[in-house]
Amino acid sequence: MISEREVFSMNLQKIENEALHLLKEERVQLIQRLVLSLESPSEEELKSDWLLEAQRRGEELDNGSVQAVSGEDVMRKARAFIK
């Protein structure tokens, strides 16, 4: 009986063989996409990062090290900046 690991290894070998038959430009594109997939954070990592950032900002507001700015003020300044 073939193990799951052996099936994975066979599938990986098949993918590799197929990839090696691509044109050079196609292989470059594939490599770039694979590398980007490794560098991009997962959805869970993004959620965790945003939660930590929200907590950090909340603590800054609570301890008074920063002052809140209203959304209206932010939009007014942004509109003035882009004019």
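Being a predicted model, the structure only gives us computed values, none of them experimental. Heads up: numbering here begins at 1 and tracks the sequence.
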Next on the checklist: Between Glu59 and Arg56 (salt bridge meaning N to carboxylate O under 4.0 Å), is one present in this structure?
Outcome noted: no
Checklist entry - Transitively linked via ILVMFWY side-chain contacts under 4.5 Å: Ile31 with Ile15? => result no
Item to check | Any donor-acceptor pair under 3.5 Å from Ser48 side chain to Glu45 backbone | outcome: no
Next on the checklist: Can you give me the closest heavy-atom contact between Leu46 and Pro41, atom names plus distance?
Outcome noted: CD2-CG, 3.6 Å
Checklist entry - Counting heavy atoms not belonging to Glu43, are there more than 12 under 6.0 Å from its CD? => result no
Checklist entry - Do Asn17 and Gln13 touch side chain to side chain, with heavy atoms closer than 4.5 Å? => result yes
Next on the checklist: Rounded at 0.5 Å granularity, tell me how far CG in Asp73 sits from CE in Met75.
Outcome noted: 11.5 Å
Item to check | Residue Arg33 excluded, over 12 heavy atoms near CZ under 6.0 Å | outcome: no
Checklist entry - Are Lys14 and Glu18 close enough for a salt bridge, meaning some N to O gap below 4.0 Å? => result no
Next on the checklist: Could you report the tightest heavy-atom contact between Ala19 and Leu30, atom names first, then the distance?
Outcome noted: CB-CD2, 3.8 Å
Next on the checklist: How close do Arg27 and Leu22 get, counting heavy atoms only, and between which atoms?
Outcome noted: NH1-O, 2.7 Å
Checklist entry - Take atom CD in Glu72; do more than 12 heavy atoms of anything else shown fall under 6.0 Å from it? => result no
